[in-house]
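Read through the structure below, which is laid out as structure tokens, and then see the notes.
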Amino acid sequence: MLVYILMFCLGASVGSFLNVVVMRTVESKSWVSGRSRCDHCHKQLSWYDMVPIFSYLLYRGRSRCCHKPLSIQYPIVELLVGALFVWWIAVGAFFFRLASHPLATLQPLYWLLVGVVLIMIAASDAFYGLIPTRYVYFGVATTLIYRLILITGGAYHWADLGESVATAVGAYLFFYSLRKMTLGKGMGEGDEVLALLIGLILGWPKTLLGIWGGFVLGAVVGVLALMTGKKKFGQTLPFAPFMVLGLLLTLLWGEKILHYWG
Ligand SMILES: [Zn+2]
């Protein structure tokens, strides 16, 4: 139990750092320079202003210095990365027990990294309405390198890689033509590159399921947002969080769903 609490705290702290990275990427600032300052009055923050989740709850979502509301992005990303780390140590420990292969340590590391990248992509789109393509390309490069290492270790095959690359290109072209057909309304260029990453991760035929799931989830939330008056008709929702959720659900249950249908 203690190890889960520690992993959650570690993940939430990583999430806290990633919040700053996402914000500075979106604002095109340097990732590392300067100490953390208040979003509103730019006063320098103390460590107790930056305790993940806790500070947000303690000051009720406001800054301690000037009492202005802070973005809900802070606790959400901290919570998500914390949850990812807990899941990872639970499942990662399982992988390590199976370790009869040197690649068994690489596998959980890859998924942790990809999980973090996907959370950053979803958060950028959800809170700023844009997908930094450098995050997506980082995910694509990591996935390709990981798969190539698996191939050299005999745990993956060239044919599988070829299939997932072809699927990725197909998914990219699908979103590209969708954007051209809708004249850029609804879909952005970021969605295309994200489709490329999802296609690469899921391969054929799971990509179909993942993207379909993303559309269904997006449609359901879109209708709910219209009904509750949170959005007006014609306003677009950020799509990346739904794509990432579709990917996650497919990773967890895709095998079962395809088996059931097939
Ligand atoms: Zn302030």
Side-chain angles (χ1 to χ4, degrees), residues 11-45 49-53 55-56 59 61-63 65-66 68-85 112-143 172 175-176 179 184-198 201 214 217-218 221-222 225 230-231 235-248:
S13 308
V14 171
S16 176
F17 169 71
L18 294 178
N19 270 324
V20 178
V21 172
V22 165
M23 231 171 285
R24 292 191 179 177
T25 305
V26 172
E27 293 165 358
S28 305
K29 285 185 194 156
S30 160
W31 287 3
V32 277
S33 70
R35 300 210 25 193
S36 295
R37 289 171 184 279
C38 171
D39 292 343
H40 299 288
C41 68
H42 306 288
K43 195 168 174 277
Q44 211 167 76
L45 297 176
D49 294 313
M50 297 186 284
V51 182
I53 301 165
S55 293
Y56 188 89
Y59 304 121
R62 286 170 184 272
S63 58
C65 39
C66 55
K68 295 238 172 77
L70 295 174
S71 172
I72 188 87
Q73 178 201 336
Y74 293 105
I76 286 183
V77 171
E78 286 157 4
L79 210 59
L80 285 176
V81 182
L84 172 72
F85 272 55
L112 184 67
L113 199 58
V114 160
V116 163
V117 169
L118 289 170
I119 289 174
M120 289 170 78
I121 291 169
S124 304
D125 202 16
F127 298 110
Y128 305 95
L130 60 91
I131 301 173
T133 47
R134 68 171 94 163
Y135 295 174
V136 187
Y137 289 130
F138 177 77
V140 168
T142 307
T143 305
Y172 174 87
F175 276 85
Y176 175 80
R179 180 165 64 90
K185 284 181 197 124
M187 292 291 155
E189 280 179 73
D191 294 310
E192 288 154 31
V193 278
L194 181 54
L196 187 74
L197 176 60
I198 289 177
I201 293 174
L217 290 166
V221 173
K230 294 240 194 277
K231 288 267 174 190
Q235 271 185 314
T236 52
L237 280 174
F239 194 48
F242 302 111
M243 297 248 278
V244 169
L245 211 54
L247 167 73
L248 177 68

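What you see below is based on every heavy atom in this structure, not just the backbone, and it leaves out hydrogens, waters and symmetry mates.
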If you take all heavy atoms of A122 and V244, which pair is closest and at what distance? CB-CG2, 4.2 Å
For the residue pair F239 and F242, does the interplanar ring angle fall in the parallel (under 30°), tilted (30 to 60°) or perpendicular (over 60°) class? tilted
Spacing of NE2 belonging to H42 relative to SG belonging to C66, to within rounding of 0.5 Å: 9.0 Å
Atom pair OG/NZ of S63 and K43 - distance to nearest 0.5 Å: 10.0 Å
Got a sec, which residues hit side chain to side chain contact (heavy atoms under 4.5 Å, CB included) with I72, two or more places apart in sequence or on another chain? Y56, P75, I76, F127
Interatomic distance, M243 atom CE to L217 atom CG [nearest 0.5 angstrom]: 12.0 Å
side-chain hydrogen bond (donor to acceptor under 3.5 Å, both in side chains) with Y74: which residues, sequence neighbours excluded? D39
Apply side-chain hydrogen bond (donor to acceptor under 3.5 Å, both in side chains) to Q73 and list each qualifying residue two or more places apart in sequence or on a separate chain. N19, Y128
Between A123 and V77, which heavy-atom pair has the shortest distance, and what is it? CB-CG2, 3.7 Å
With side chains defined as the heavy atoms from C-beta onward, is the minimum distance between Y135 and L197 less than 4.5 Å? no
Between A126 and P241, the two heavy atoms sitting closest are CB-CG, 3.9 Å
Expected output: side-chain H40 to main-chain L70 donor-acceptor under 3.5 Å: no
Separation between CG of L194 and CG of L247, rounded to the nearest 0.5 Å: 8.5 Å
Can you find a heavy atom in the side chain of T25 that is under 4.5 Å from one in the side chain of V21? yes
Under the ring-ring contact (aromatic ring centres under 6.0 Å, His included) test, which residues partner F175, sequence neighbours left out? F215
Suppose we screen for side chain to side chain contact (heavy atoms under 4.5 Å, CB included). Which residues come up paired with L45, at least two apart in sequence or across chains? S36, C38, D49, M50
Between R179 and D191, is the side-chain contact (heavy atoms from CB on, under 4.5 Å) condition met? List the steps. CA-CA 9 Å; R179 180 165 64 90; D191 294 310; over 6 Å; no
Would you list the atom pairs, donor with acceptor, under 3.5 Å between side chains in residues 114-121 and any protein atom, with sequence neighbours excluded?
none

Across all chains, not counting sequence neighbours, the side-chain hydrogen bond (donor to acceptor under 3.5 Å, both in side chains) partners of S16 are none
Not counting sequence neighbours, which residues clear side chain to side chain contact (heavy atoms under 4.5 Å, CB included) with I53? List them please. F8, A12, L57, E78, L79
